[in-house]
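First comes the structure, then the notes that go with it.
Note on naming: letters A, B, ... go to the chains in the order of the sequence lines (proteins, then strands), and numbering restarts at 1 for each one. The shown structure was predicted, so the numbers you read here are calculated from the model rather than taken from an experiment.
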Amino acid sequence: METNQLYLYNSITGKKELFEPINNPYVGMYVCGPTVYGDAHLGHARPAITFDVLFRYLKHVGYKVRYVRNITDVGHLENDADSGEDKIAKKARLEQLEPMEIVQYYTDRYHANMQDLNVLSPSIEPKASGHIIEQIEFIERIIKNGYGYVENGSVYFDVLKYNEKHNYGILSGRNIDELINNTRTLEGQEEKKNSFDFALWKKAQPQHIMRWNSPWSVGFPGWHLECSAMGEKYLGEVFDIHGGGMDLKFPHHECEIAQSVAANNKHAVKHWVHNNLITINGQKMSKSLNNFITLDEVFSGKNALLNQAYSPMTVRFFILQAHYGGTLDFSNEALLAAEKAMARMCKAFDVIDKLVISNTSSIDFNSYKKRCYDALNDDLNTPILLAVLFDVVKSINLIKEGKETIDAVNLSVLKEIVSGFFNEILGLINQSSVSTKSNSIDTLMEVILELRKNAKTNKDYATADYIRNKLSEVNIKINDTKDGANWFIE
RNA sequence: GGACUCGUGGCCGAGUGGCUAGGCAGAGGUCUGCAAAACCUUGUACGGCGGUUCGAAUCCGUUCGAGUCCUCCA
């Protein structure tokens, strides 16, 4: 699709911009992945799905995409920690486990959640702990260029110095003067020249279990460094897209920009894309606020905030029903609405193979297809795309009822729309058609429905209702239609 | 306090200077032994107050409210 023009909102310019790869047809995309010290929650599903769709769409239109999503397994500090203690190390002590054991455990669980959500694996999933050498080398370059200083075994980034020639705050719209006035006084800041300087390398305290040798001290890399180092390693000094949650804009991504400019004298990222947050009761869902629902809990329904379990596909649909740039508020009502909406869509798609093919078509499915592309090309507008697909659903139903017609050519376009946009790009899976594929149960139900049909013919409604009610108790639902009865598992 | 974002019908959520978003719920209907489901039809919303305009929910100002960030947490 050479004519396809994707416009993406660029956080750094604040405008929708035509996406043009630096090195067509190759596209490099880096997205901040999870910190693996706990189970993923609903909030983590949002960036994963957002950038999964972007990844899928870029591939769909013909680009060769290398998608790098990191695993953060070192270097992060507790929000409320007494004294800057590595998050993972702390949990390790509490649970009497090796840090890497925890990393492995939660990484596996994260992967399982992602698979449930039908999120494709990234091309490369690098771990911070596996790139200590690259990070040290990156720091050396920053120091050599005069933007880092060593103090007591730790290395800090000199923001003020950087800001003389460059613009610190370019992404988040902050300026240094405000940072000076507004930064709170915190403990453990004495080593830094300025409160807003950030660490590139941190000397390990005795309680830190995760530690590596470096030219400056035995310690661990700073919190923003891994993305700069790994992005450069796998995507080059300059690459196309960097994604992540809104909450990462400052300081994380701001610091990344500063690091890359300090090391290479150029901006590493052409296009910044930020997804918004999932809120609950209007507030950000996060670990620190302790108002989160893990994905496992959503899928099982085991959380006091949940009225029921919601399938991974319901969650995916729910997230896609909102534009990635806006907040999305969690509620049982909204999840339930998504579940029903998705079911209705799937049921319509199920009847496509049973549609009667006419000589002419009263509906032009190519125009739907165009609207699908238009929706995605306008800053990945998945809610609009879903609205178009609901128009398609309506058309399918009208054809089914004989009120509209479809010919063979349009039928193939219709199938293309479903497999292309619904399955391939949005990554949704029609589970109603998948779950009923069991030969023995099919045969069994055929027999039962036959017996019930006979009962109905004989006006033995007591027996007919008995069959229906009893099976309903085990979630096998029977519906009578004018073409006979059908059944499904609820 | 500062930076930024947002405020749309019962709920979720698009959009935008004049033309139906969509979904869920509700209402009416079709179908039907009954039920359920399915399908069809249906709503006239854009925080308050000013202003610009032939015309604003959409632009500007102001006000109220909410949120995110402002930390050595991604």
Side-chain angles (χ1 to χ4, degrees), chain A residues 14 32-37 44 47 70 72 75-81 83-87 128 154 156 169 172-175 177-179 181-189 191-192 195-200 202 222-224 226-227 244-254 276-277 279 282-284 286-288 317-318 321-323 325-331 333-342 344-345 347-348 351 375 378 381-391 393-394 397-398 400-401 403 456 459 461 464-465 468-469 472 477-482 486 488:
Chain A
C32 292
T35 302
V36 281
Y37 69 102
H44 293 112
N70 65 299
T72 295
H76 297 288
L77 303 184
E78 280 287 359
N79 205 358
D80 49 0
S83 65
E85 185 180 4
D86 191 308
K87 262 187 185 172
S154 293
Y156 296 98
S172 54
R174 270 156 239 261
N175 66 59
D177 297 335
E178 284 164 358
L179 288 173
N181 293 332
N182 294 318
T183 304
R184 285 181 268 164
T185 312
L186 292 168
E187 289 176 31
Q189 302 241 6
E191 293 176 356
K192 299 198 288 189
S195 57
F196 43 74
D197 286 351
F198 55 92
L200 297 169
K202 194 78 179 158
W223 307 270
H224 313 298
E226 56 177 281
C227 295
M246 284 278 263
D247 46 345
L248 301 181
K249 253 182 166 178
F250 190 91
H252 183 55
H253 290 157
E254 199 69 69
N276 217 316
L277 310 171
T279 57
Q283 233 187 359
K284 172 188 174 182
S286 77
K287 201 124 195 149
S288 52
F317 192 93
F318 168 67
Q321 261 192 315
H323 182 73
T327 54
L328 172 60
D329 200 53
F330 162 87
S331 70
E333 292 72 21
L335 259 305
L336 190 63
E339 182 181 277
K340 290 188 176 182
M342 165 118 180
R344 192 163 81 82
M345 186 173 275
K347 277 181 185 167
V351 308
D378 185 11
N381 200 323
T382 55
I384 294 284
L385 173 54
L386 285 172
V388 176
L389 289 180
F390 273 109
D391 286 346
V393 164
K394 193 172 193 173
N397 289 326
L398 288 171
K400 186 182 72 182
E401 302 210 342
K403 291 173 182 164
K456 282 177 65 178
K459 300 219 188 286
Y461 295 122
D465 289 349
R468 189 171 64 196
N469 293 338
S472 177
K477 306 291 181 186
I478 294 173
N479 289 329
D480 292 317
T481 72
K482 39 183 178 289
N486 60 43
F488 61 95

Holding to salt bridge (charged side-chain N to carboxylate O under 4.0 Å, His left out), I want the full list of residues that pass it with A:K249, two or more places apart in sequence or in another chain. none

Mind calculating the distance between [atom1] ([X]) and [atom2] ([N]) to the nearest angstrom?
X      : N     : atom1 : atom2 : result
A:K477 : B:A38 : NZ    : P     : 13 Å
A:R174 : B:G1  : CZ    : P     : 17 Å
A:K400 : B:C31 : NZ    : P     : 16 Å
A:E333 : B:G26 : CD    : P     : 13 Å
A:Y461 : B:G33 : OH    : C1'   : 4 Å
A:F250 : B:C73 : CZ    : P     : 11 Å
A:K287 : B:C73 : NZ    : P     : 17 Å
A:K403 : B:A38 : NZ    : C1'   : 12 Å

Check every strand shown and say whether [X] touches a base, only sugar-phosphate, or nothing at a heavy-atom separation below 4.0 Å.
X      : answer
A:S331 : nothing
A:L328 : sugar-phosphate
A:F198 : nothing
A:A199 : nothing
A:G33  : sugar-phosphate

When the [atom1] atoms of [N] and [M] are considered, how many whole Å apart are they?
N     : M     : atom1 : result
B:U44 : B:A36 : C1'   : 32 Å
B:A45 : B:U20 : C1'   : 13 Å
B:U41 : B:C24 : P     : 13 Å
B:G13 : B:G51 : C1'   : 30 Å
B:U58 : B:C19 : C1'   : 14 Å
B:C59 : B:C46 : P     : 16 Å
B:G10 : B:G43 : C1'   : 11 Å
B:C39 : B:C64 : C1'   : 45 Å

Check nucleotides 64-67 of chain B for protein N or O atoms closer than 3.5 Å to its own N or O atoms and list the pairs.
none

A side-chain contact here means heavy atoms from C-beta on lying under 4.5 Å apart; do [X] and [Y] qualify?
X      : Y      : value
A:P47  : A:C32  : no
A:K459 : A:Y461 : yes
A:Y37  : A:K287 : yes
A:K394 : A:F390 : no
A:Q321 : A:M342 : no

Donor-acceptor pair under 3.5 Å: do we get one between [X]'s side chain and the base of [N]?
X      : N     : value
A:N381 : B:G15 : no
A:R468 : B:A35 : yes
A:D247 : B:C73 : no

Value rounded to 0.5 Å, distance of [atom1] in [X] from [atom2] in [Y]:
X      : Y      : atom1 : atom2 : value
A:N397 : A:R344 : CG    : CZ    : 7.0 Å
A:K192 : A:S154 : NZ    : OG    : 10.5 Å
A:H224 : A:L248 : NE2   : CG    : 10.5 Å
A:F317 : A:T382 : CZ    : OG1   : 10.0 Å

Between B:A35 and A:N469, is there an OP1 or OP2 to side-chain N/O distance shorter than 4.0 Å? no

Should A:N397 be listed as having a side-chain N or O under 4.0 Å from OP1 or OP2 of B:C39? yes

Pairing partner of [N] (Watson-Crick or G-U wobble, both distances under 3.5 Å):
N     : answer
B:U44 : none
B:U52 : none
B:A38 : B:U30
B:C6  : B:G65
B:G1  : B:C70
B:C19 : none

For nucleotides 19-23 of chain B, give me every protein contact, N/O to N/O, under 3.5 Å, one pair per line with atom names.
{"from": "B:G23", "atom 1": "OP1", "to": "A:R344", "atom 2": "NH2", "distance (Å)": "3.1"}

For A:N276 and for A:F318, locate the closest nucleotide of RNA chain B by heavy-atom distance; then report the residue assigned to the nucleotide nearer the 5' terminus. A:N276

Could you say whether A:F330 or A:L336 is positioned toward the 5' end of RNA chain B, judged by the nucleotide with the nearest heavy atom to each? A:F330

Looking at A:D465 and A:R468, is there a salt bridge between them, counting it only when a charged N and a carboxylate O are closer than 4.0 Å? yes

Of the nucleotides [options], which one has an atom closest to the side chain of [X]?
X      : options             : result
A:N479 : B:G13, B:A36, B:C39 : B:A36
A:A322 : B:G13, B:A38, B:G33 : B:G13
A:K347 : B:C40, B:G2, B:A38  : B:A38

Between A:K284 and A:T279, is there a side-chain donor-acceptor contact under 3.5 Å, judged purely by atom types and distance? no

Go through the steps for A:D329 and A:S331 under the test side-chain hydrogen bond (donor to acceptor under 3.5 Å, both in side chains), then give the verdict. CA-CA 7 Å; A:D329 200 53; A:S331 70; 5.6 Å; no

